[in-house]
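A short worksheet on the structure shown next.
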Amino acid sequence: MRLITYSPKVFIPLTMLCRDRCGYCTFAQSPAHLPSAYLSVDEVLNVARAGAEAGCHEALITLGEAPEDRYPQAREWLDANGFQTTVDYVAHVAQRILDETGLLPHVNAGALDRDQLAQLRRVSPSQGMMIESLNPDLAAHRGAPDKDPERRLATLRWAGELAIPFTTGILVGIGESRDDRIRTLEAIATSHAEFGHVQEVIVQNFVPKPDTLMRNAPACSLDDLVDAIALAREILPAGVHVQAPPNLVDDPAPLLEAGIDDFGGISPITADHVNPERPWPHLDDLRSVVESHGMALSPRLTVYPEFANDRWLDENVRFAVLDRSDAASLGRDDPGATFPERYEAAANVGTGAEVIQVGRRSTAWYSGADRHPPVLVPAPPAMGAEVAEVLAGVEQGHELGVEQLVTLFTARGPEVAAIAAAADALRQGVNGDDVTFVRNRNINYTNVCTFRCTFCGFSKGPASLNLRGRPYLLSNDEIADRVREASSLGATEVCLQGGIHPDFDGEYYLAVCAAVKEAVPDIHVHGFTALEVTEGARRLGEPLPEYLQRLRDAGLSSLPGTAAEILDDSIRAILCPDKVTTSEWLDAHEAAHEVGLRSNITIMFGSVEQPVHWARHIVRSRELQKRTGGFTEFVPLPFVHMASPIYLKRQARRGPTWREVVLMHAVGRIGYHGSVDNIQASWVKLGVHGAQQLLQAGVNDLGGTLMDENISRAAGAAHGQGITDQQFREVVEPIGRRLVERTTLYAVPSQAMTVNPAT
Ligand code: SF4
């Protein structure tokens, strides 16, 4: 589906004083009409906070041009408040907005010089200035020295030199000719060709307003507006987005048909102070127009995805952008507020660590958060041509490659429900109505680890936050006691995972297996990641296949797929630089399968990677499955950000959005179809309400009952202590499915196990 974006924003008219007088403008006021020359910091923050509460991503700071040069009141206000220039004050409030609300400032401060642009680049991820028109003789601009075309082109050029993601545009119908519009668009295209910095061009229609010099001038006709949009689309390179404001026309449909791909800022709480008589349309109305045209509507950030990287963003604003980004660098689209997270202290919880968050709480859904996700499934489905083509291929039995998987992973709007429905149909064919689970216990035998996984809140945290839990190492007797207890509570499996203790060699894992089997001979030992077995073999100097055989003989039955994270070395270099590589993970699982040990595929998604990495992960693991058939299931594990060191160091996103979670499970079902039959939802990280939606998006398994789960809780998840059959049933039965207990390898559990007493 063609994507149409908008920026959920608040409008902050920092000062309505302006040294210019444009014939069409109602924004600029004289000091006599204003209670104060500038909004105070508190007034600004009140508006920004209200915007953040309402789910906005942008604080649009709009102001007149250098009012201190014209009005003594402006000069006096700046002097009294300790600012030399208006731009100094803009920079100050932008930083406060970033710090206290997390909204991304987009500064529209008019024609600036190079130093001013550079000053604002530190606090505003993007900036904007309308060129309006390069015609120097417009009556509309007669009282406006800053509308001098050369001055505005110079601003555009300096923004390019400074690598500022820049928004500019033309004003249509202020007396300029069609040739003027072409010339202006060509000049923008030329500047962009040199620097690549023009992220969008606004094509804005003139609307006459009372109390302006041009109050009797004719409004720009829809024909002229549509023609100007078509010109912009034709003259500007495809990578430059074309925007038209939806509130300046009666019907936004012709704008879509003319070729725009963005509606600009839309505010749920503030008026358009430049066009106060034209309220923004309701988002639901806009969405229905967009979807009726076979397109999808998505929120974006002030910077477009192409610019959300180190080249274009000052270090000071990078995390603020990341913190509001989804995997495609568009705005997170879960409803609710996103506030900057702050931690003042941390408390150990014995076997892990827990951060204590202070300040205003976000209300949007995050993986691990104790709130319900939005309902995306089931919902009325619709598809664009690309998704329809991919799903038609799936129906014909085609295997999806990376490109097609990315097409599905980047779906938005009603396509998400369509992909979930396709996945659900495949699930029905493969698994029927049964929803399986295994009765198990997690035993995390140590939290001491020599590895440096940057996401891992279980084994360590930044020293400054004292996140590391008390170091512990369970003895084999303690492990055996926990196994006996698990068995007495009905567990058929123990899942053994832990840190890589510096004292371990491969004998440790063999001894653990022996201790478990000695305690409960029939229990299934699901344990030891690819990292643990690879490290165990390496420390013994033994070939991995032989070591795995010895583990199997000692009682190991299957391997968890954890340590896979993202099977792409460019991402592993960020998340787990010293852990097994992609090929080492695959080799370890291949070797395990060859000695008769089954395993599963996990993916930890939502931190720093993009959809292409998810697609590669599926394709790489699927290739191995074709050779060995040893994987039992696919288990998506959403990144839980709250206590994760990489998030606390401001280098990762806040985990996946709910749309991404739904798609990961649904696309997993579709991508592994014919290869891996079981798709599991991790209720530990998603909560049971989330899991219920996923059961309608390709999922057939709810994983384990998990008495004791420390790893997700150490990363800040609210769920994770254990779940009862009844709680599972409450998820499964209302949607007409049947809860079925399984063994680790998807067989029917046998009768009671032998339990040997402790010696
Ligand atoms: S993820 Fe595992 S290997 Fe990495 S630091 Fe944490 S415990 Fe160690």
Side-chain angles (χ1 to χ4, degrees), residues 348-355 367-368 442-463 465 467-474 495-506 508-509 512 526-539 559-569 571-582 584-585 588-589 599-609 635-649 651-652 655 682 684-685 708-717 720:
N348 288 339
V349 290
T351 54
E354 202 167 71
V355 289
S367 45
N442 253 20
I443 301 178
N444 306 128
Y445 37 79
T446 183
N447 65 346
V448 177
C449 186
T450 54
F451 280 75
R452 294 180 294 125
C453 302
T454 55
F455 60 85
C456 178
F458 172 66
S459 76
K460 56 180 158 304
L465 284 174
L467 281 184
R468 186 169 187 148
R470 193 176 60 243
Y472 73 88
L473 172 61
L474 299 182
C495 178
L496 299 161
Q497 295 180 82
I500 308 290
H501 197 289
D503 297 345
F504 287 179
D505 64 15
Y508 172 80
Y509 303 107
V512 168
H526 181 64
F528 314 135
T529 66
L531 174 66
E532 288 169 302
V533 296
T534 302
E535 224 13 58
R538 192 186 63 75
R539 290 183 186 186
L559 268 63
T562 35
E565 324 311 354
I566 298 283
L567 292 175
D568 190 279
D569 287 338
I571 301 301
R572 300 182 80 75
I574 302 167
L575 294 179
C576 47
D578 51 356
K579 213 169 190 167
V580 284
T581 61
T582 298
E584 284 170 333
W585 186 93
H589 283 263
S599 66
N600 60 33
I601 307 161
T602 63
I603 184 169
M604 189 197 72
F605 65 109
S607 61
V608 298
E609 77 295 342
V635 190
L637 301 171
F639 172 59
V640 177
H641 74 282
M642 288 88 139
S644 175
I646 192 171
Y647 181 80
L648 296 171
K649 287 185 194 162
Q651 291 163 0
S682 168
V684 175
K685 293 183 163 64
D708 301 338
E709 209 282 341
N710 293 320
I711 291 174
S712 293
R713 280 170 40 78

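Residues: numbered from 1 along the sequence shown. Counting starts at 1 for both ligands and their atoms, in listed order.
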Which residues satisfy the salt bridge (charged side-chain N to carboxylate O under 4.0 Å, His left out) test with Asp569, sequence neighbours excluded? none
What do you reckon, are the aromatic ring centroids of Tyr445 and Tyr472 less than 6.0 Å apart? no
Within a distance under 4.0 Å of any heavy atom of Gly499, pick out the atoms of ligand 1 and give their elements. 7 (S)
Would you please name every residue forming a salt bridge (charged side-chain N to carboxylate O under 4.0 Å, His left out) with Glu609, sequence neighbours left out? Arg653
Atom 6 (Fe) of ligand 1 to Cys456: any N/O/S contact under 2.8 Å? yes
Below 6.0 angstrom between ring centroids: does that apply to Phe455 and Tyr647? no
For atom 3 (S) of ligand 1, which of Thr446, Thr450, Leu531 has the closest heavy atom? Leu531
Once you restrict to heavy atoms under 4.0 Å, what part of Cys449 touches ligand 1? Side chain, backbone, both or neither. side chain
